[in-house]
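See structure below.
When reading the values below, keep in mind they use all heavy atoms of this one structure, side chains included, and skip hydrogens, waters and symmetry mates. To find a chain, count down the sequence lines: A is the first, B the second, and so on, and within it residues start at 1. Since this is a predicted model, take the numbers as computed values, not measurements.
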2 protein chains.
Amino acid sequence: MLAVNFIEQKKQGKEHKPEDIKAFIDAYVRGDIPDYQVSAWLMAVNFQGMTTHEIVALTDAMLNSGERIDLSQIDKFKTDKHSTGGVGDKVSLILAPLAKAAGCVVPMISGRGLGHSGGTLDKLESIPGFKVGVSCKEFTQLVTENSLAMGSQTKSIVPADRKMYALRDVTATVKSIPLICGSILSKKIAEGINGLVLDVKTGNGAFMEEYSESRKLAETLKQVGEQFGIKVKAVITDMNQPLGNAVGNWLEVVECIDVLKGQGPSDLIEVTLTLTTWMVVMSGIEKNFEKAKDILRELLAKGKAYEEFENMVRAQKGDVEYIKHPENYKQAAVIKEVLAESTGYIKAMDTEQIGMISLNLGGGRKLITDEIVPEVGLIVKKKIGDKVEIGDMLCLIHANSESDFETAKANYLQSLKLDMKPVEPKPLIYESF
Amino acid sequence: MLAVNFIEQKKQGKEHKPEDIKAFIDAYVRGDIPDYQVSAWLMAVNFQGMTTHEIVALTDAMLNSGERIDLSQIDKFKTDKHSTGGVGDKVSLILAPLAKAAGCVVPMISGRGLGHSGGTLDKLESIPGFKVGVSCKEFTQLVTENSLAMGSQTKSIVPADRKMYALRDVTATVKSIPLICGSILSKKIAEGINGLVLDVKTGNGAFMEEYSESRKLAETLKQVGEQFGIKVKAVITDMNQPLGNAVGNWLEVVECIDVLKGQGPSDLIEVTLTLTTWMVVMSGIEKNFEKAKDILRELLAKGKAYEEFENMVRAQKGDVEYIKHPENYKQAAVIKEVLAESTGYIKAMDTEQIGMISLNLGGGRKLITDEIVPEVGLIVKKKIGDKVEIGDMLCLIHANSESDFETAKANYLQSLKLDMKPVEPKPLIYESF
């Protein structure tokens, strides 16, 4: 089928044949279909959507556009988690060693920060020496030896996604359920996993703000993933405020160390425990959800998860001294408080804006070529439902200049909505299915 | 505004600001915005549409992307006609010299065949020697000296449209009312006209098949055109069967010569007279529609329009001998009849398919680089409502090989729908406003 007719078919809301989707993606990866035809098609998909049948074909075509990691020599259930992205979402850094401590095999390939949302790779790389860029061979070796590896997508894995994602990013076609599904699932399935736990974020700091949209995404991811013969569990969690308190790469690592040592903020612990529990249940290690959760709680309390974190950092060439003594890490030049200028209860937080504050401090990228500044960010001190008096500390900003601090402070104050009446806290976990 | 935000704005169905539209189009023409962003935007426009305000800004930006023909030294009303395209639509070749004979000044820039629909330039070029590729200067000179010129869009006129049209053609974004409006009106206004008569086709051989869509297009063209200070008259005409009988470049020229000499098919005469009458009325030569039409009828009957046609062909270096003696023109190798194989009344004709038959015989292009074969095509002998007996001639095909003829014949038979009951003929002209 001619590319123009393929685009026309989607424009008219018709269903593509799997073989046509495959031919289109293959030709695109080969360079036989130009970006300008693909971007028109992506926009048509954005408006017309895709059937499950089509998304399966898209995911399959993307998956087969490159190399797949073969973990079949590991005779155990391999499981991973994926989050659709948010602010302060540092779950992977705790979940991966915790799941490993519980007996799971965790081959985890993560992404970088995107827009206002942080990325696991950037957080890991804030640990001096930590190597995320591993080849398929090295990755397989790490998983075989340690039952755990956290790496970045190599060039050989799902090249279709790398090409298409860069195009989506500049053509306003990122927020499309079929395209998100194809992108996430092709990369995850290429890891050689048997099971996947999905943390689908919903709220004003998520890519899908509306609950109905988040649910639709979760359902579609589950449906399509299962067609590839893997177990899928979807958990919809709140992203109407940062998860935990720390936002910023190294600050988040420090918060993870706290949790791994049995401390840290309760919302972060609860989300992490829920997601990790599903990995344990899925792996067949403990079938009862509550029992599995108790096991994990104990692993945290006993420092077992922390030990696995140290092991992983060591295995991937990170400097463990900084994990042991985070206080020795380079500090931001200006660490100052933002104080409340009025009284009330925190009703809402503009979570996307809080993510952007961290990005603008240097914690994220405005251009692909920007370098991350690991030590900057902020520590949230009051969250939704908390009572605030004038002069209370709202957050602590870690900036590298006074002017950066002033901008961050002004934006932070703007990002909060206060109410005189007490505010009902939001649910943290909406549903799991 | 970043291009990606501009695309996002349209994706969300928001209204662009005129200055943002101008900046986007200007940057595209300069090469600062890549095709892949423009095609995503074109697809978003296809789904979300544009307000009149936006279409005016788009047309203006396109118009100002290049040179404009300055006919201000001609102190008369300058008028042109544009058709949205169809099969057998040869009206321009009669209308232009006829309008000139009536005293109009006609600067006409036309297009080439597109898909199943023929193009005025291809028809004119079937006249040996006829030069359509004239510079702005030559065009202005022709109009100044002869009050009539029929040319092609030069590289310097509306470069934004040339670039964008090529992109629309390969990204399934041709059939979009705002984009059609911008494309048509920017080119027409760049001619330096004071008035424009629009022949908006509707039916299965038109780009807009549905009446409601054709009407919407006509209304929008009129509204937007008037914002540029020109008079606009829209006429919606039928394209559920070829106009006239001839389909194919030279065959259509011959049919035009017939009409110019006071003969030819009545539907072609009626559409041409109506459109030309509006040009005469608009120019203020004769304000009464019926009187103006009578004047034109007489000009045809007396051969005055024919004289002007000969003059134009001569002025643009065409060989007038072939106009005087069409019988000397090279004939197709195979000229054979298609006979009826059943009895009934012609209920419907697949007009797009009939256009494709001519294209496949060599009368149109499958690739931009294809050369037109001027002598091929077909002459329709039975039209909607006509009674057909077995063995009646349905059409006469002019092909350059037996196998071409056989394919054309089979497709032609397929394109007709017969009914046993008498069929009401379709209206020819739906409305003028």
Short donor-acceptor separations (under 3.5 Å), chain A to chain B:
residue, atom, partner, partner atom, Å
Lys11(A), NZ, Ala172(B), O, 3.1
Tyr36(A), O, Ser39(B), OG, 2.6
Gln37(A), NE2, Val170(B), O, 2.7
Ser39(A), OG, Tyr36(B), O, 2.6
Ser39(A), OG, Ser39(B), OG, 2.7
Val170(A), O, Gln37(B), NE2, 2.7
Ala172(A), O, Lys11(B), NZ, 3.1

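- Looking at Leu42(B), neither its backbone nor its side chain comes within 4.5 Å of chain A, counting heavy atoms on both sides.
- Closest approach of Val170(A) and Ile7(B) over heavy atoms only: O-CD1, 3.8 Å.
- Taken from CG in Leu185(A) to CE in Met62(A), the straight-line distance is 9.5 Å, to the nearest 0.5 Å.
- The side-chain contact (heavy atoms from CB on, under 4.5 Å) search around Ala57(A) returns Pro18(A), Ile21(A), not counting sequence neighbours.
- Between Val376(A) and Gly362(A), the closest heavy-atom pair is CG2-C, 3.7 Å.
- A distance of 11.5 Å separates CD1 of Ile236(A) from CE of Met208(A), quoted to the nearest 0.5 Å.
- No part of Leu2(B) comes within reach of chain A, as not one of its non-hydrogen atoms sits under 4.5 angstrom from that chain.
- How far CG of Leu198(A) is from CD1 of Ile184(A): 7.0 Å, rounded to the nearest 0.5 Å.
- Using a 4.5 Å heavy-atom cutoff, the side chains of Leu361(A) and Val373(A) are not in contact.
- Heavy atoms of Ala44(B) lying under 4.5 Å from chain A belong to its backbone as well as its side chain.
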